[in-house]
Amino acid sequence: MNQPAQGDLVINGVSTASGGQYGRVKIDGVGTVEGDIVCADFDCNGMTKIRGSLAADTMDADGMFTIDGHLSAARSFVDGHMKVRGSLKGDSFSVNGLIRVDGNCEIESFRAEGAFEVGGLLNVGTMDVLLQGRGKAGEIGGESIRVVRKSSGPLNKLLSWFVPRLATELHVESIEGDVIDLEYTQAEVVRGNRVRIGKGCTIGLVEYRTEFSAHPGAKIGKEAKVGD
Amino acid sequence: MERDLISKKELLDEKGISYGQLYRWKRKQLIPEDWFIRKSTFTGQETFFPRDLVLARIDKIMNMKDDLSLDELADKLSPALPDYEMRKSDLVKRNIVSSIVLQRFASEDDDSLVYAFDKLLYFYVVDKLLQAGEMSMEEGERLLEALREHFPKFAGKACDLVFTRKMGVSSFALLSAPSELYFESGVKVVARISMTECIEQLKGKWV
């Protein structure tokens with residue numbers, strides 16, 4: 001299965017390939033890549049596993065996708081379930097479904113619809129998240145951070161009643177940014193210039209510089225205007 | 001040896017920057033990861049920075065960000081030894097290394113000789129210790145030799161210089177940082193200097 005450098009890697013069906021440098025990588029079915037992989041264009045459908053790190057210009061992953069190492073991709077589109085054991089780096093990253101990153105994330109433009117979990121710091125330029133499951137991060141920092149929740153159906157409500165950890169909420173230690181707009185978020189600290197705390201939030205401390213507004217249903221421990 | 005730290009909030013207030021800018025610069029590797037020091041305080045977890053390093057770095061970023069893109073800036077500020085050079089005569093003129101040091105250790109070099117950054121760094125470190133009055137000229141010569149011989153072996157990795165004295169006999173050691181080091185009771189640690197910090201400080205003289 002060894003390909004010459006800059007050649008393409010194509011897997012159809014069930015197979016294993018070695019890492020290395022490729023131009024295009026296309027995996028349909030159940031594919032495993034052993035080792036680090038560098039390519040221009042990465043496209044996978046089905047169940048894919050990389051036992052190493054992935055560096056690509058564009059990445060399009062559908063289905064189940066696991067990376068044991070780090071991921072860096074300029075543009076990524078994920079539909080389905082993705083897991084990264086290391087860190088994630090990219091210019092634009094778009095997810096429909098579920099993403100889990102154990103390390104830190106650095107993304108210029110992050111758009112997600114579904115659920116996400118980041119073990120370390122989620123550092124974003126702009127973040128636009130429509131929660132449909134549980135969101136979790138150690139810290140979130142960036143310029144514009146927006147989290148809204150899709151109204152959950154009766155089944156989901158029932159489920160979250162029995163299993164609270166599946167509730168459609170964002171759990172995070174601290175959020176720091178310029179423009180912050182939150183819904184259904186549990187955070188210890190939120191610091192920003194313009195902060196809007198929406199429905200269903202429980203925030204320990206809010207620090208803002210210019211603007212602050214809160215939904216009457218939000219629970220806020222303490223709020224303070226700082227700076228100037 | 002507790003370093004002088006500045007909290008994130010103080011930093012933002014003092015420099016008039018926003019959280020977004022700080023995070024963007026971190027994403028672009030303009031501010032190194034290991035300057036973000038996490039500490040728990042009575043208000044919870046807070047992030048601190050080494051005060052002198054981060055203030056100088058942010059001034060530099062603010063000065064240059066109008067002329068250069070953030071990516072170009074990142075190249076300029078990378079932790080490796082930069083390829084800056086300087087003429088011997090300029091060293092004294094710009095007060096980077098005192099003239100006494102140059103007279104003593106570089107008297108045979110011509111005034112117009114151009115030094116590479118690593119050579120400058122050695123002079124700078126020697127000068128620093130001499131100015132602090134912790135080291136004699138003879139010891140300075142030995143330090144200079146030790147640096148020339150051993151510092152390149154670290155190849156860009158962070159390292160510390162340790163200067164010890166026991167019963168009047170001095171010795172120098174370079175060790176990779178961070179590391180812990182313990183001595184027997186008669187040994188006095190005269191100075192422990194982070195070479196990485198010296199590189200930062202010296203780089204700062206260019207702007």
Side-chain angles (χ1 to χ4, degrees), chain A residues 72 74 87-93 103-110 120-127 137-146 172-181 187-195 203-211 221-222 224-228, chain B residues 5-51 53-55 57-59 61-62 65-66 68-80:
Chain A
S72 78
S87 63
L88 191 161
K89 212 172 229 183
D91 287 340
S92 85
F93 199 95
N104 295 332
C105 277
E106 296 188 348
I107 306 169
E108 289 304 320
S109 155
F110 179 50
L121 165 70
L122 175 57
N123 185 345
V124 288
T126 57
M127 167 167 163
E139 295 167 75
I140 300 178
E143 280 135 72
S144 151
I145 296 164
R146 184 163 169 267
V172 56
E173 244 172 63
S174 74
I175 301 179
E176 292 176 338
D178 294 349
V179 183
I180 299 177
D181 184 351
E188 279 166 34
V189 191
V190 173
R191 300 190 180 100
N193 293 355
R194 279 167 36 207
V195 181
I203 314 283
L205 168 68
V206 178
E207 285 178 9
Y208 63 99
R209 287 182 176 204
T210 49
E211 252 180 80
K222 212 178 124 194
K225 184 169 166 56
V226 295
D228 309 324
Chain B
L5 298 173
I6 183 168
S7 76
K8 193 191 268 175
K9 209 184 296 172
E10 276 179 84
L11 177 70
L12 297 187
D13 285 344
E14 192 166 331
K15 288 290 157 198
I17 56 177
S18 70
Y19 285 108
Q21 276 173 307
L22 191 69
Y23 280 104
R24 177 157 11 111
W25 294 341
K26 189 186 179 196
R27 280 204 300 286
K28 294 286 181 193
Q29 260 107 53
L30 296 179
I31 301 173
E33 179 82 47
D34 51 338
W35 289 6
F36 288 72
I37 301 162
R38 317 225 24 147
K39 280 198 168 180
S40 43
T41 58
F42 64 96
T43 50
Q45 281 271 336
E46 276 221 58
T47 308
F48 291 86
F49 300 88
R51 180 185 288 267
L53 292 180
V54 79
L55 288 179
R57 175 61 60 95
I58 284 179
D59 283 340
I61 296 171
M62 307 262 264
K65 75 174 162 61
D66 299 329
L68 297 168
S69 75
L70 286 182
D71 290 316
E72 285 169 321
L73 254 177
D75 288 340
K76 245 196 153 90
L77 298 174
S78 77

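Just so we're on the same page: letters track the sequence lines, and every chain starts at 1. Only heavy atoms go into these numbers, but all of them, side chains included; no hydrogens, no water, no symmetry mates.
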Check whether A:V179 gets within reach of chain B through its side chain, its backbone, both or neither, counting any heavy atom under 4.5 Å. neither
Considering residues at least two apart in sequence or located in another chain, which fulfil the ring pair (Phe, Tyr, Trp, His ring centres under 6.0 Å) criterion with B:F48? none
For B:Q21, what residues pass the side chain to side chain contact (heavy atoms under 4.5 Å, CB included) criterion, not counting sequence neighbours? B:I17, B:S18, B:R24, B:W25, B:K65
Could B:R27 and A:D91 be called an ion pair, given the rule that one side-chain N must be under 4.0 Å from one carboxylate O? no
Between B:K9 and A:E176, does any side-chain N to carboxylate O distance fall below 4.0 Å? no
Applying side chain to side chain contact (heavy atoms under 4.5 Å, CB included) between B:Y23 and each of A:I140, A:L122, A:N123, A:V124, report the one that passes. A:N123
Leading residue by heavy atom contact count with chain B [cutoff under 4.5 Å; candidates A:E108, A:K89, A:E173]: A:E108
Counting heavy-atom pairs under 4.5 angstrom with chain B, the leader among A:N193, A:I107, A:I145 is A:I107
Sub-4.5 Å side-chain heavy-atom contact between A:R191 and B:L12: no
Can you measure from CG (A:L121) to NZ (B:K26) and round to the nearest 0.5 angstrom? 4.5 Å
Non-hydrogen atoms of chain A under 4.5 Å away: do they reach the side chain of B:K8, the backbone, both or neither? side chain
